[in-house]
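Report on one structure; see the data block that follows.
We use all heavy atoms of the structure for the numbers below, so side chains are in, but hydrogens, waters and symmetry mates are not.
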Amino acid sequence: MNFDLSGKRALVTGSSSGIGAGIAAALAGEGVSVVVHGRNPERAEAVAERIRGNGGSAATAIGDLATEGGAAQVADVAADAFGGIDILVNNAGGSSDTGVQSWFSLPVSEWGTTYERNVLSAGHLIHALAPAMKENGWGRIIQIASAAGIIPTSGQPDYGPSKAAMINMSMGLSKALAGTGITVNTVMPGMIMTEGLKDFLRIFAERRGWGDDIDKAAEYVLKGTGQTVHRVGQVADVAYAVTVLASPNADFFNGINLHLDGGATGSIY
């Protein structure tokens with residue numbers, strides 16, 4: 001399939017590792033000039049260098065998106081790198097730094113930190129970059145949410161609701177930008193084999209006396225997810241979905257929430 005993306009310019013937030021790095025590499029492989037973002041300059045530059053080594057075009061933008069000033073700086077650097085941004089992938093986010101996953105042990109004051117990282121960071125960049133997309137008459141805004149956004153758990157009073165807010169804001173934004181040539185969509189990954197998941201599976205395996213057999217742990221965990229595809233999702237799965245939505249050929253996809261969870265979602269919507 002020809003995604004017709006050659007010459008486009010993208011900012012992929014949180015792309016110094018994991019899912020974001022995979023998205024950046026996939027877009028670059030389709031001829032997109034990619035701005036790699038992170039808070040660690042060395043890690044971001046390593047991703048950019050790998051892209052260049054594979055014949056792609058990449059730059060870096062470093063900063064904390066949770067603050068308006070930090071996000072503005074990242075947006076300015078990203079736009080200057082290649083003369084503008086056509087595709088914004090809001091992938092950066094996460095939970096508070098406490099590590100606590102309990103409704104009553106995680107202080108309510110920490111919920112705002114998670115909201116800032118997932119929702120406000122995306123909002124700052126949309127405000128900064130969408131006006132130029134409107135002037136150009138074309139753009140793609142793609143939000144990376146999570147299955148936790150529609151499948152609440154007992155231990156995430158902050159993370160799941162913040163991802164639900166991202167899904168909601170994407171739909172509203174798609175309506176606000178109607179007729180501008182900009183589409184706004186959400187990708188909602190389920191269980192994806194990132195370093196974070198590998199760490200979880202290692203601990204899971206050790207606690208059950210399986211040593212470091214993360215494959216056995218993954219098989220066990222999969223049985224409880226309700227997935228109808230019997231494998232763990234890969235970063236490449238998310239990267240492919242984003243590449244499709246970024247394509248000019250996908251202009252009829254707007255305001256959607258793409259369930260990328262191997263069939264785990266137990267509802268029609």
Side-chain angles (χ1 to χ4, degrees), residues 1 3 12 14-15 17-30 47 50 89-95 99 101-102 118 142-164 166-167 170-171 185-247 249-250 253 255-269:
M1 178 182 291
F3 292 104
V12 183
S15 51
S17 64
I19 289 174
I23 292 170
L27 290 174
E30 296 298 326
V47 173
R50 285 198 298 272
V89 182
N90 282 317
N91 170 72
S95 300
Q101 290 193 346
S102 167
N118 292 304
I142 302 168
Q143 317 264 60
I144 307 300
S146 166
I150 65 167
I151 306 175
T153 70
S154 62
Q156 294 180 309
D158 57 334
Y159 182 75
S162 72
K163 289 299 187 178
M166 288 188 74
I167 296 168
S170 295
M171 173 65 82
N185 295 295
T186 305
V187 176
M188 189 185 73
M191 191 164 70
I192 305 296
M193 189 60 80
T194 61
E195 289 303 316
L197 179 58
K198 289 178 182 177
D199 290 341
F200 166 78
L201 292 173
R202 287 190 189 97
I203 295 171
F204 192 92
E206 289 171 1
R207 288 178 176 175
R208 282 157 181 77
W210 300 338
D212 60 355
D213 192 345
I214 65 172
D215 290 335
K216 186 173 182 178
E219 182 179 355
Y220 184 92
V221 172
L222 269 177
K223 292 178 180 177
T225 65
Q227 279 191 206
T228 53
V229 177
H230 299 295
R231 69 169 175 85
V232 177
Q234 301 297 316
V235 168
D237 296 319
V238 185
Y240 178 75
V242 171
T243 303
V244 171
L245 292 174
S247 171
N249 302 321
F253 294 94
I256 70 168
N257 176 27
L258 179 61
H259 296 203
L260 197 70
D261 58 9
T265 304
S267 63
I268 294 173
Y269 173 69

Closer than 3.5 angstrom, by distance alone: can the side chain of [X] be matched with the main-chain N or O of [Y] as a donor-acceptor pair?
X	Y	answer
Asn118	Gly94	yes
Asp237	Gln234	yes
Ser247	Phe3	yes
Lys163	Ile144	yes

Contact summary for [X] and [Y], nearest pair of heavy atoms:
X	Y	value
Thr225	Leu222	OG1-O, 2.8 Å
Val235	Gly22	CG1-CA, 3.7 Å
Ala239	Thr243	O-OG1, 2.8 Å
Pro189	Ala145	CD-O, 3.4 Å
Gly190	Ala147	CA-CB, 4.1 Å
Ala218	Val232	CB-CG2, 3.9 Å

[atom1] of [X] to [atom2] of [Y]: how many Å apart, nearest 0.5 Å?
X	Y	atom1	atom2	value
Thr265	Gln227	OG1	CD	9.5 Å
Leu260	Ser146	CG	OG	11.5 Å
Met191	Arg231	CE	CZ	11.0 Å
Met171	Asn185	CE	CG	9.0 Å
Asn91	Ile142	CG	CD1	11.0 Å
Met166	Thr186	CE	OG1	7.0 Å

Inset, instruction - Test side-chain contact (heavy atoms from CB on, under 4.5 Å) on Phe253 and Leu258 and set out the steps. - result: CA-CA 10 Å; Phe253 294 94; Leu258 179 61; over 6 Å; no
Inset, instruction - Identify whether the distance between the nearest side-chain nitrogen and carboxylate oxygen of Lys198 and Glu195 falls below 4.0 Å. - result: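 The answer is yes: the pair qualifies as a salt bridge.
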Inset, instruction - Give a yes or no on whether Asn249 atom CG has more than 12 heavy-atom contacts from other residues, nucleotides or ligands under 6.0 Å away. - result: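 Enclosed.
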Legend entry - Geometric class of the Trp210/Phe204 ring pair [parallel <30°, tilted 30-60°, perpendicular >60°]: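 The rings of Phe204 and Trp210 sit tilted, inter-plane angle from 30° to 60°.
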Inset, instruction - Kindly indicate, with the supporting measurements, whether the criterion side-chain contact (heavy atoms from CB on, under 4.5 Å) is fulfilled by Leu245 and Ile256. - result: CA-CA 10 Å; Leu245 292 174; Ile256 70 168; 4.0 Å; yes
Legend entry - Heavy-atom side-chain proximity of Ile192 to Leu197 below 4.5 angstrom: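 The answer is no, as the side chains (C-beta and beyond) never meet within the 4.5 Å cut-off.
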